[in-house]
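Structure, as structure tokens:
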Amino acid sequence: MELIKRPRRLRRTSALRNLVQETRVNISDLVYPLFVVHGEGIKKEIPALPGQYHFSVDLLIEEVKKVVDLGIQAILLFGIPKEKDEYASEAYGMNGIVQQAIRAVKKHYPDLLVMSDVCLCQYTNHGHCGIVKDNHVLNDESLDLIANTALSHAMAGADVVAPSDMMDGRVAKIRKTLDKNNYSHVPIMSYSVKYASAFYGPFRSAAGSSPQFGDRKTYQMDAGNVDEAIREAALDLEEGADILMVKPALAYLDVITKLKAAFPVPLAAYHVSGEYTMVKLAEKEGLIDGEKAMVEILTSIKRAGADMILTYFAKDMAEWIRRNPQ
Ligand code: PBG
């Protein structure tokens, strides 16, 4: 048979494959989420997130050194408070755990980009992302607290604030609050399109942030919706978001692609805790090659259209990229 067109010709050697490779994850695409707790000398593995830890601020700094040495340029900080209450007081207290961590990290590594997750759910005793009254999560009443949380992070030195609460109007409120207080240079990365997802399970056990009643479906999105994702993103842009985000990533690759096509702005995707832990556990059982799965998954998220990826795999991926220069 006389075959003229043979796609396999370009797959014959590794160099050829590299030459024609369309999508490559770079270390600079990666954002590494880290969990910080009160205390000293703490580095405690999180059972739900194998290979991830709760760090006290002193040991967080040692971990951040490794992250920086690997060439990772950005981290995202989550705090576990000492006490939770109805109004999420530690979320916006200047001596809250995240505020302390931001100050310490920026002092030691001023060039590292420090992003902070802005939400109330880890800090409220009911585990919801806003103020609750009669079992309803109140929208407008929560905005002040959310904006104050973002401001406290900016004052501590956060380079980017990332609201993940999904209250309506929070981006506008945060933008206004930051600008009024001379933080107009701090960008907002909005968790614009955040679905009500089972894949947050391990994170909630790591952060102690499971809702104590009901679920998050009255503020996070329904998995079946994509037009609504475009509307959410458009609103956030109008309100002043600088970077959009889709979360989770793997079950929502089509949403990433559609958002990227609709809006010419930087787009982040959050490869969330459940997506990470599934790979880790399957690897532990000897069922898949975890490293290959990691590379394939992160590549697919970038190929779908994400400009940056928040992932617990950031260190592993950075190591892999260093071992496999292309
Ligand atoms: C806080 C928040 C959550 C995640 C990031 N910020 C949990 C949630 O909405 O329940 C999830 C991250 C992950 O699963 O890795 N609102």
Side-chain angles (χ1 to χ4, degrees), residues 30-36 46-54 75-81 84 88 90-92 96-98 115-124 126-132 137 139 142-143 145-146 149-150 153 158 160-167 170-171 174 188-223 232 243 245-252 268-281 294 297-298 301 308-314:
L30 303 170
V31 182
Y32 188 40
L34 283 161
F35 296 90
V36 57
I46 301 168
L49 284 169
Q52 308 302 315
Y53 298 81
H54 283 142
I75 61 169
L76 173 71
L77 286 177
F78 291 99
I80 319 293
K84 299 168 186 272
E90 198 182 316
Y92 39 88
I97 189 63
V98 163
M115 302 178 160
S116 66
D117 184 88
V118 174
C119 197
L120 305 182
C121 62
Q122 287 115 276
Y123 303 91
T124 50
H126 45 68
H128 277 289
C129 304
I131 294 191
V132 165
V137 180
N139 194 84
S142 302
L143 295 182
L145 301 189
I146 289 163
T149 302
H153 294 177
V160 176
V161 293
S164 67
D165 52 279
M166 289 297 278
M167 297 300 120
R170 92 271 210 209
V171 172
I174 290 172
I188 299 173
M189 174 169 76
S190 175
Y191 289 66
S192 308
V193 179
K194 178 170 176 181
Y195 288 92
S197 171
F199 292 107
Y200 307 148
F203 173 95
R204 289 183 190 167
S205 110
S209 64
S210 294
Q212 297 304 303
F213 66 89
D215 51 37
R216 301 212 203 289
K217 287 184 179 165
T218 66
Y219 43 106
Q220 299 181 349
M221 284 180 47
D222 185 282
E232 273 283 7
I243 302 172
M245 191 201 295
V246 173
K247 175 184 172 190
L250 201 49
Y252 300 89
Y270 200 140
H271 180 248
V272 301
S273 56
E275 304 179 90
Y276 167 85
T277 296
M278 285 197 303
V279 174
K280 284 291 187 191
L281 293 189
M294 165 188 80
I297 289 169
L298 297 182
I301 295 168
M308 62 198 93
I309 306 170
L310 297 96
T311 176
Y312 305 97
F313 275 130

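Atoms within a ligand are numbered from 1 in the order they appear, just like the ligands themselves. As a basis for the values below, the full set of heavy atoms in this structure was taken, side chains included, without hydrogen atoms, waters or symmetry mates. Counting begins at 1 with the first residue of the sequence.
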- Would you kindly check if the NZ (Lys) or CZ (Arg) of K194 is within the cone defined by 45 degrees around the ring axis of Y200 and under 6.0 Å from the six-membered ring centre? yes
- Which one holds for Y312 and ligand 1: side chain close, backbone close, both close, or neither close, with close meaning a heavy atom under 4.0 Å? side chain
- Close-contact set for ligand 1 against C119 heavy atoms, below 4.0 Å: 1 (C), 16 (N)
- Task: Just go through L120, L49, D117 and tell me whose heavy atom is the nearest to atom 6 (N) of ligand 1.
- Result: D117
- Message: If I compare all heavy atoms of P163 with all of I188, which pair ends up nearest, and what's the gap?
- Response: CD-CG2, 3.7 Å
- Can the ring centroids of F78 and F203 be said to lie less than 6.0 angstrom from one another? yes
- Give the numbers and elements of all ligand 1 atoms closer than 4.0 Å to a heavy atom of R216. 8 (C), 9 (O), 10 (O)
- Task: With rounding to the nearest 0.5 Å, note down the distance linking CD in Q122 to OG in S210.
- Result: 11.0 Å
- Task: Answer yes when K217 and D222 have at least one side-chain N-carboxylate O distance shorter than 4.0 Å, and no when they do not.
- Result: no
- Query: Aromatic ring centroids of F35 and Y53 under 6.0 Å?
  - Reply: no
- A student checking ligand 1 against Y270 at a 4.0 Å heavy-atom cut-off should list atoms 12 (C), 15 (O)
- Answer whether the closest heavy-atom distance between the side chains of V279 and I297 falls below 4.5 Å. yes
- Near K194 (heavy-atom distance under 4.0 Å), the atoms of ligand 1 are 1 (C), 2 (C), 3 (C), 6 (N), 8 (C), 9 (O), 16 (N)
- Task: Within a distance under 4.0 Å of any heavy atom of C121, pick out the atoms of ligand 1 and give their elements.
- Result: 1 (C), 16 (N)
- Query: Does ligand 1 have a heavy atom under 4.0 Å from the side chain of S164, from its backbone, from both, or from neither?
  - Reply: both
- Query: If you count the atoms of ligand 1 from 1 in the order shown, which ones are under 4.0 Å from a heavy atom of R204?
  - Reply: 8 (C), 10 (O)
- Atoms of ligand 1, numbered as shown, that sit under 4.0 Å from any heavy atom of K247: 2 (C), 3 (C), 4 (C), 5 (C), 6 (N), 11 (C), 12 (C)
- Query: Is Q122 in polar range of ligand 1, meaning some N or O pair under 3.5 Å apart?
  - Reply: no
- Message: With respect to S209, determine whether any N or O atom, backbone or side chain, lies less than 3.5 Å from an N or O atom of ligand 1.
- Response: no
- Message: Angle between ring planes, Y270 versus Y191, binned at 30° and 60°: parallel, tilted or perpendicular?
- Response: tilted
- Message: Can you name the atoms of ligand 1, numbered from 1 with element, that are less than 4.0 Å from a heavy atom of F78?
- Response: 5 (C), 6 (N)
- Query: What do the steps show when you test E275 against Y312 for side chain to side chain donor-acceptor pair (under 3.5 Å), and what is the final call?
  - Reply: CA-CA 10 Å; E275 304 179 90; Y312 305 97; over 6 Å; no
- Determine whether the side chain, the backbone, both or neither of S273 has a heavy atom under 4.0 Å from any heavy atom of ligand 1. both
